[in-house]
Amino acid sequence: MKFRNLAFFYLILDAILIAISSAFGAVALLNSQVAFICSTLILFASYFGYKSRVENKSVNYQLSEQELELFEDSEDEQTQELDTQDSNNKNDKKLAKFRKIDILGAFKPLRLLSYFILIIAFFVLLRHGILEPIAFLAGLALMPLGVFCAGVFYGRK
């Protein structure tokens, strides 16, 4: 999914959220918009962080011995029957799986800053006595719901 499509999709979801939460009053609208903006910041920070991480890894990536064997062409493999190719493909997929857990993407500065902004916004609303938990959670819940809907909608294309 392209960034422009993702941004447009979330603008539509935000318009729907504004229409629904404005029916419950200005405080509910404020809470839902603060939560939605913070969760959108987290989403886009995660998107850019993981995108740059994948781009950097793809440029600097060195193939292991097992992965190099997957890309080597041999005359014997080209002459095998379809049945043996299916079983080889299953074995190749098992060899190519990455076994290394990488959590560095979770600790990008922009993403951490976005979470910090969310926490500060929550405590500011709480401090001023205008925190509406249901509206705040509705603004936060729209992000995972939007990711699910975007996956379903753009997955069909």
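Everything numeric here is computed off the predicted structure, so don't read it as measured data. Only this structure's heavy atoms are used, side chains among them; waters, hydrogens and symmetry mates stay out. Position 1 is the first residue of the sequence, and the numbers go up from there.
- Residue S46 comes nearest to R111 through the heavy atom pair OG-NE, 2.9 Å, listed as atom of the first residue, atom of the second, then distance.
- From L131, atom CG reaches atom CZ of F123 across 10.0 Å, with rounding to the nearest 0.5 Å.
- In terms of heavy-atom proximity, I42 sits nearest to S114 at CG1-CB, 3.6 Å.
- Criterion: ILVMFWY side-chain heavy atoms under 4.5 Å apart, direct or through other members. Under it, F122 and I130 are part of a common hydrophobic cluster.
- Heavy atoms from other residues, nucleotides or ligands lying under 6.0 Å from CD1 of I134 number 12 at most.
- F44 and L110 fall into different hydrophobic clusters, where Ile, Leu, Val, Met, Phe, Trp and Tyr residues are linked whenever their side-chain heavy atoms come under 4.5 Å apart, directly or through other members.
- Between F9 and C149, some side-chain heavy-atom pair lies under the 4.5 Å cut-off.
- I12 and I20 fall within the same hydrophobic cluster, where Ile, Leu, Val, Met, Phe, Trp and Tyr residues are linked whenever their side-chain heavy atoms come under 4.5 Å apart, directly or through other members.
- Note on F136: it clusters hydrophobically with I119, by side-chain heavy-atom contacts below 4.5 Å among ILVMFWY residues.
- The line from CD1 of I120 to CG of L113 is 10.5 Å long, rounded to the nearest 0.5 Å.
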* Passes side chain to side chain contact (heavy atoms under 4.5 Å, CB included), N31 versus L137? Steps please. -> CA-CA 9 Å; N31 278 274; L137 289 175; over 6 Å; no
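- More than 12 heavy atoms of other residues, nucleotides or ligands shown are found within 6.0 angstrom of CZ on F48.
- The stretch residues 32-44 participates, sequence neighbours left out, in these side-chain hydrogen bond (donor to acceptor under 3.5 Å, both in side chains) pairs: D14-Q33, S21-S32.
- Between L29 and F24, the closest side-chain pair of non-hydrogen atoms is not below 4.5 Å.
- Looking only at side-chain heavy atoms (C-beta outward), L30 and V27 stay at 4.5 Å or farther from each other.
- For Y10 (side chain) and M143 (main-chain N/O), a donor-acceptor pair under 3.5 Å exists by modelled atom type.
- Under the 4.5 Å side-chain contact rule for hydrophobic residues, I117 and V124 do not share a cluster.
- Closest approach of L13 to G146, counting heavy atoms only: CD1-CA, 3.5 Å.
- Residues L41 and L118 fail the side-chain proximity criterion, which asks for heavy atoms closer than 4.5 Å.
- Nearest heavy atom pair, residue V34 against residue A121, reads CG1-CB, 3.5 Å.
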